[in-house]
A.B. asks: 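Take a look at this one; I'll ask things after.
Hydrogens, waters and symmetry mates play no part in the numbers below; they use all other heavy atoms, side chains included.
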Amino acid sequence: MKTFLFLLITFIISTTALSSLAQPLKAPERTEGEGPFDRLIIRGVTLINGNGAPPTGPVDIVVEQNKIVSIHIVGYPGVEINNDRRPTAANNDHVLDAEGMYLLPGFVDMHGHIGGSSQGTTAEYVFKLWMAHGITTIRDPGSYNGLEWTIDHKRKSLANTITAPRIHTYMEFGSGTKNGIHNPGQAKAWVRNLADKGGDGIKFFGHRPDVMESALNEANRIGLGSAAHLSQMNVSWMNALDSSNMGLMTLEHWYGIPEALFEDQTVQDYRLDYNYQNESHRFSEAGKLWKQAAEPFSDHWNQVMDEMIDLDLTLVPTFNIYDANRDFMRARRAEWHEEYTLPSLWEFYSPDRRAHGSYWFNWTTQNEVQWKENYRLWMTFVNEYKNRGGRVATGSDSGYIYQLYGFGFIRELELLQETGFHPLEVVRAATLKGAEALGVSDEIGTVEVGKLADFVILEENPLENFKVLYGTGAIRVNENNEIIRTGGIKYTIKDGIIFDASQLLQDVNKMVKEAKDTENFEIQQPGHY
């Protein structure tokens, strides 16, 4: 009987498409990028390796096809390089002169949604914004464009037939079922079906404890990853500590941590007219949550943190996605919106009771003050988590709340530095720690012999100022008192293929201009007339 039930459940799930009815246009065939080459030599860079080590250089790196085969220290800063120390280039080798530039591992965005119909964003638009900001690997938490669509793009990215980061597909738990998942047997069957279809992992919003424990047990048994945004609709019976004890691998945002830190209550102190479908309620009340938790460095606070670290739970804070809550005007006036935000995405951001993350119905000074304190307590926890050996990885969650793909990821780096991370720790979170969390640190995350040739190359030192990683660069005044722009990524290299980052941004700018011309659209601030 149990065997029959399992087969029946599997059949029902497998015949219900794990896909969305409204998918973005597929990414076009790749026309950008040079390579891969039989042999590529990158000359004269300063290497920031991603493992926390300080910069070193000048360095020459030799790549064959898509793999690093040798790394050579070729001199000293400020001293002419002795060519006798350099790897020799044959006539058919491709040499990239990057002398004086900085090279990092390709970035890993652990929370990268590939747009969709709600935002009106195409795959090409999203992918090129990511690649222009050095993001060579993403995890799509939810895969809301459908499993088949996402896996199709994953395969094309791996083959480099499209211009896109490599993709890890995490499907929302229960998607594709007619009536949801209601018991442990259904949970196991859904997880097995996901694995059979080629998914990489599961994104949870929480669930009834016995159902979620069954799904996590099965996922861990067969090698699927797991991530959770523990929503307010589920967190009261399953917080971050409960979930990590069941085997959860990564915690998205921060929901569930304050609940695990409660001392004199068991649920959030909701306003009594609270309605989760009212996103103004949801996000204004969330800004009060960390104040309800145990004091930093108290016994309970320490105990919860240490236990989560012992369980190897990875935190993916996505600080940037709630940045507007601290300063609504700053986020909506970010300069890149004018050139790189599609009209449809701008409309999606604007106040709307029906759209996720568009909760600006009456966002007040008091809301911003509360969220600033929320960040202070949240950042204290995350920084200490890192200091005690816990893994913190970098994710953006862009496409919502005035955060734009690529740009939001660089903002996340800035916010990790605000949290207390040394810039080298920030780079490690954006590279190696993400690779570790995905279980692919043997392939990416640092610049080492035998790993894939995924690099970010720029002319400025990002450790001195992460703003130089933005596609819009950083503002400076030169020796003639002239205002100049400096920075922006020069090259993004994925699998040994060299992409001109500025050209990718130009492609995006062209898409935006064409959409604006077609719609006779210009960006206006909410309520403008």
Side-chain angles (χ1 to χ4, degrees), residues 17-30 32 106-172 175-176 194 197-203 225 227 229 250 252 316 318 320-321 340-342 344-345 348-349 355-357 394-401 403-410 412 434 438 492 494 499 504-505 507-508 511-512 515:
L18 293 176
S19 62
S20 167
L21 295 177
Q23 299 169 335
L25 293 173
K26 291 185 176 182
E29 288 190 15
R30 178 173 71 88
E32 305 82 13
F107 295 140
V108 180
D109 190 335
M110 288 287 288
H111 202 110
H113 297 292
I114 312 176
S117 59
S118 296
Q119 293 96 332
T121 53
T122 66
E124 180 184 13
Y125 172 81
V126 176
F127 290 155
K128 286 186 173 180
L129 280 170
W130 276 333
M131 292 282 285
H133 287 91
I135 298 163
T136 55
T137 300
I138 67 106
R139 180 181 64 171
D140 186 347
S143 298
Y144 295 121
N145 297 317
L147 185 63
E148 290 182 6
W149 187 97
T150 309
I151 288 177
D152 176 55
H153 283 75
K154 171 186 173 178
R155 290 170 178 158
K156 290 175 179 176
S157 173
L158 287 173
N160 291 304
T161 58
I162 59 174
T163 297
R166 58 179 52 82
I167 300 166
H168 291 254
T169 59
Y170 277 49
M171 204 70 192
E172 182 182 337
S175 59
L194 175 64
K197 288 180 175 293
D200 297 307
I202 309 163
K203 195 242 184 112
H229 164 171
T250 77
E252 311 303 295
V316 184
T318 68
N320 79 100
I321 200 59
Y340 301 111
T341 297
L342 285 168
S344 58
L345 186 53
F348 179 78
Y349 291 148
H356 176 50
T394 308
S396 66
D397 197 15
S398 294
Y400 303 94
I401 317 180
Q403 292 299 322
L404 185 58
Y405 309 96
F407 290 93
F409 184 86
I410 305 307
E412 185 71 7
L438 290 171
T492 297
K494 174 186 171 246
F499 294 91
L504 297 178
L505 284 173
D507 292 348
V508 172
M511 295 178 208
V512 172

A.B. asks: Which atom names give the shortest non-hydrogen contact between Gly112 and Pro141, and what distance separates them?
C.D. replies: N-CD, 3.7 Å

A.B. asks: Can you list every salt bridge (Lys or Arg N to Asp or Glu O under 4.0 Å) pair that touches residues 130-139, not counting sequence neighbours?
C.D. replies: Arg139-Glu252

A.B. asks: Would you find a donor on one side and an acceptor on the other, under 3.5 Å apart, between the side chain of Glu412 and the backbone of Asn320?
C.D. replies: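 Yes, the answer is positive, given that a donor and an acceptor are paired below the 3.5 Å cut-off.
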
A.B. asks: Going from CZ on Phe107 to OG1 on Thr394, what distance comes out if it is rounded to the nearest 0.5 angstrom?
C.D. replies: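 Reported to 0.5 Å precision, the distance equals 9.0 Å.
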
A.B. asks: So do the side chains of Asp152 and Lys26 get within less than 4.5 Å of each other, counting heavy atoms only?
C.D. replies: yes

A.B. asks: In Å, rounded to the nearest 0.5 Å, how long is the span from CG of Leu438 to NE2 of His168?
C.D. replies: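 Nearest 0.5 Å value for the CG-NE2 distance: 4.5 Å.
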
A.B. asks: Main chain of Val108, side chain of Thr137: is a donor-acceptor contact present, judged purely on distance under 3.5 Å?
C.D. replies: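 Absent.
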
A.B. asks: Who passes side-chain contact (heavy atoms from CB on, under 4.5 Å) against Ala132, sequence neighbours left out?
C.D. replies: Leu504, Leu505

A.B. asks: In chain order, what residues pass the side chain to side chain donor-acceptor pair (under 3.5 Å) check against Lys203, with sequence neighbours excluded?
C.D. replies: none

A.B. asks: Might you work through the side chain to side chain contact (heavy atoms under 4.5 Å, CB included) test for Met511 and Glu124, ending with a clear yes or no?
C.D. replies: CA-CA 10 Å; Met511 295 178 208; Glu124 180 184 13; 3.4 Å; yes

A.B. asks: Distance check, rounded to the nearest 0.5 Å: Leu25 atom CG versus Asn145 atom CG?
C.D. replies: 11.0 Å

A.B. asks: Quick one: are Leu194 and Leu147 in side-chain contact, heavy atoms under 4.5 Å?
C.D. replies: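 Side-chain contact under 4.5 Å: yes.
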
A.B. asks: Looking only at heavy atoms, what is the nearest atom pair of Phe348 and Ser118, with distance?
C.D. replies: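 Shortest heavy-atom separation between Phe348 and Ser118 comes out as CD1-O, 3.5 Å.
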
A.B. asks: Just verifying a value: how many Å separate Met171 CE and Ile151 CD1, rounded to the nearest 0.5 Å?
C.D. replies: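 Going from CE on Met171 over to CD1 on Ile151, the span is 8.5 Å.
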
A.B. asks: How close do Thr492 and Thr136 get, heavy atom to heavy atom, and via which atoms?
C.D. replies: CG2-CG2, 3.7 Å

A.B. asks: Nearest 0.5 angstrom please: Met110 CE to Ser396 OG, how far?
C.D. replies: 11.5 Å

A.B. asks: What closest approach, in Å, do Thr163 and Phe127 show between heavy atoms, and which atom pair accounts for it?
C.D. replies: O-CB, 3.3 Å

A.B. asks: Between the main-chain N or O of Ser157 and the side-chain N or O of Lys494, is there a donor-acceptor pair closer than 3.5 Å?
C.D. replies: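 Between the backbone of Ser157 and the side chain of Lys494 there is a qualifying donor-acceptor contact (under 3.5 Å).
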
A.B. asks: Looking only at non-hydrogen atoms, find the nearest pair between Leu404 and Ser398 and report the distance.
C.D. replies: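 Result for this residue pair: O-OG, 3.4 Å.
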
A.B. asks: Looking only at heavy atoms, which two atoms of Tyr125 and Leu342 are closest? And how far apart?
C.D. replies: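 What the structure gives for the nearest pair is OH-N, 3.3 Å.
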
A.B. asks: Can you check whether Tyr400's main-chain N or O pairs, donor with acceptor, with His356's side chain at less than 3.5 Å?
C.D. replies: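 The answer is no, because no donor-acceptor pair under 3.5 Å joins these two groups.
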
A.B. asks: Decide whether Asp200 and Thr169 meet the rule of one side-chain donor and one side-chain acceptor closer than 3.5 Å.
C.D. replies: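 The answer is yes; a qualifying pair exists.
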
A.B. asks: Looking only at the aromatic ring of each residue, does the gap between the centers of His113 and Tyr144 stay below 6.0 angstrom?
C.D. replies: yes

A.B. asks: For the OG1 atom of Thr121 and the CG atom of Leu129, what is their distance to the nearest 0.5 Å?
C.D. replies: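 Reported value, rounded in 0.5 Å steps: 9.5 Å.
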
A.B. asks: Do Tyr405 and Leu345 touch side chain to side chain, with heavy atoms closer than 4.5 Å?
C.D. replies: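 The answer is yes, as the side chains (C-beta and beyond) meet within the 4.5 Å cut-off.
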
A.B. asks: Within a strict 4.5 Å, meaning less than it, do heavy atoms of the Gln119 and Ser344 side chains meet?
C.D. replies: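 With C-beta onward as the side chain, the pair stays apart.
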
A.B. asks: Between Asp109 and Phe409 (side chain of the first, backbone of the second, donor and acceptor by atom type, cut-off under 3.5 Å), is there such a pair?
C.D. replies: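 No, Asp109 side chain to Phe409 backbone: no donor-acceptor pair under 3.5 Å.
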
A.B. asks: With a 3.5 Å distance limit and no angle check, can you tell me whether Tyr349 reaches the backbone of Gln403 through a side-chain donor-acceptor pair?
C.D. replies: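 Checking the backbone N and O of Gln403 against the side chain of Tyr349, a donor-acceptor pair under 3.5 Å is found.
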
A.B. asks: Any side-chain heavy-atom pair from Glu32 and Lys128 closer than 4.5 angstrom?
C.D. replies: yes

